[in-house]
2 protein chains.
Amino acid sequence: MNQSETALGQVLTTVDVVVLTLVDGVLSVVLVQRERAPFAGVWALPGGYIHAQEDADAYASAARVLRSKAGIEDAYLEQLATFTGPARDPRGWSVAISYCALIPQQKLPTHRPGLKLVPVTATGQLPFDHAQILQAAVARVRSKSQYSSLPVHFFGESFTLPQLQQVYESILGEPLNKVSFRRKMDELGMLEPVPGEMQAGGAHRPAQLHRVRPEFKQQLALSARGL
Amino acid sequence: MNQSETALGQVLTTVDVVVLTLVDGVLSVVLVQRERAPFAGVWALPGGYIHAQEDADAYASAARVLRSKAGIEDAYLEQLATFTGPARDPRGWSVAISYCALIPQQKLPTHRPGLKLVPVTATGQLPFDHAQILQAAVARVRSKSQYSSLPVHFFGESFTLPQLQQVYESILGEPLNKVSFRRKMDELGMLEPVPGEMQAGGAHRPAQLHRVRPEFKQQLALSARGL
DNA sequence: TTAATAGTGTCTCTCAGACACTATTGG
DNA sequence: CCAATAGTGTCTGAGAGACACTATTAA
């Protein structure tokens, strides 16, 4: 091993985060306005350099980027994929470790300048290869929604089963059978009713509030192939 | 943007490849003996620095590492996950983009010094976080084998359905129903019979050889969540 | 009482697995 | 013919979806 050999491994190393949430049942992504070159002023996925001095790993980098560039705390975060090459960033050969974040809309900062929420199908042009990263994130969420309770992360502490079903239908883009849906959720065994109830709309029977069982809260992050 | 900001993104950037194959029905991994520090002489996953000057992307880096460190060409390669942090490599904060390769045993170089094939359950101690990377690769192959034809990459050009079923059973660790298995393979529509046949064992009816339909050969790499 | 949605019991149809049968080879 | 494995037709039980019914609220 020598200096020049060591230098071979030195490329730009960044994280990019696809923050997804539901706005009136529409899957939407958080974009931030870039403060610096390249693409200063352009709307893009929140991203930034890895800070080797302060980050425990790339997951921590992603969490820090979310906090500092978008004011988002406590999102569910999962590694997505890593995008690389000489062309994706004009500064040179780069590595972008991408993360996917799911968060309820209420947890997003309201009216933060330089932050906006747009439907994933209406982002317009995105810089770098962010369109590709976004596409991968949406595909991943759709895919995992078919066999896991991933979408519960779009909610806060509690939610009703009809609400949850609407979210699944919105993500998968097809209506679901009520009986089958509830049977599946029951089999997964991840949810439990909370004593309180829900009224909201009003002129009908209120729905039972549910929450994720504590023992499953972290397991969700580890399950399947998200790392 | 300034120089010190740029330097923040500069960490060690490597690729590690988990090469899996089947040896008499046992899922096994390729280890190579490290030539340099750290861990010189120790058996480890083939890995190396990204060479920004020559690699088109990290996938190309992985293919080059496979060729130069293990003499392996033409393996099926799929990005696995990226492992990061200050502790995994004694040289400092590092990023390891890991890839999973599936290859038939016949395509491996025979008797190459500094290369060995061991069952994934009997690797002994591995340097860096290679044990964790291996574990992720095995979990991924098991998981994808449940709903895709991924295991066809353990074969060369053609194979029989009984052979393929044995491989699935070996990977999943459970016997499969013959009728259901063949029905599933038929539904996936990825295989086609080749005019030739197979006799081998001999004293029984020969099995029809099959191959992957050309139009699915590359699609396999793109399907699902492998990037 | 009515309208509206929550939640459940049950029937049916589909599909995966079990079983048994036929097919084809070597000896 | 026999042994051994390849390959297929069919039955059955479990599970998903369709439907209809009950439950509970506001107006």
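Values reported hereafter were calculated over all heavy atoms of this structure, with side chains retained and with hydrogens, waters and symmetry mates removed. Letters A, B, ... mirror the listed sequences (proteins, then strands); counts begin at 1. Just so it is clear, the structure is predicted and the values come from calculations on it, not from any experiment.
Ring geometry, A/His153 versus A/Tyr76: the interplanar angle falls under 30°, so the pair is classed parallel (tilted spans 30 to 60°).
Separating the CG atom of B/Leu188 from the P atom of C/dA16 is a distance of 11 Å, rounded to the nearest angstrom. Between A/Tyr168 atom OH and D/dG17 atom C1' the separation is 18 Å, expressed in whole Å. As a whole-Å value, the separation of B/Leu176 CG from C/dA16 P is 13 Å. For B/Arg183 and C/dT14, the CZ to P distance is 14 Å, given to the nearest whole Å.
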Classify every nucleotide of nucleotides 3-9 of chain D by which part a protein heavy atom approaches to under 4.0 Å, writing B for the base, S for the sugar-phosphate alone and - for neither, in 5'-to-3' order. BBBBBBB
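Across all their heavy atoms, A/Val26 and A/Ser170 have their closest contact at N-OG, 4.3 Å.
Using a 4.5 Å cut-off on side-chain heavy atoms (C-beta onward), A/Val15 and A/Asp55 make no contact.
The salt bridge (Lys or Arg N to Asp or Glu O under 4.0 Å) pairs that include a residue from residues 119-129 of chain A are A/Arg88-A/Asp129, where partners are two or more places apart or lie in different chains.
Phosphate proximity of C/dA16 to B/Ser180: absent, as no side-chain N or O sits under 4.0 Å from OP1 or OP2.
Of the inter-residue distances, the one linking B/Ile171 atom CD1 with B/Leu20 atom CG reads 9.0 Å to the nearest 0.5 angstrom.
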Could you give me the CA-CA distance, side-chain angles and deciding distance for A/Leu191 and A/Ser149, then say whether side chain to side chain contact (heavy atoms under 4.5 Å, CB included) is met? CA-CA 9 Å; A/Leu191 305 181; A/Ser149 59; 5.7 Å; no
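One cannot find a donor-acceptor pair under 3.5 Å joining the base of D/dA16 and the side-chain atoms of A/Asn177.
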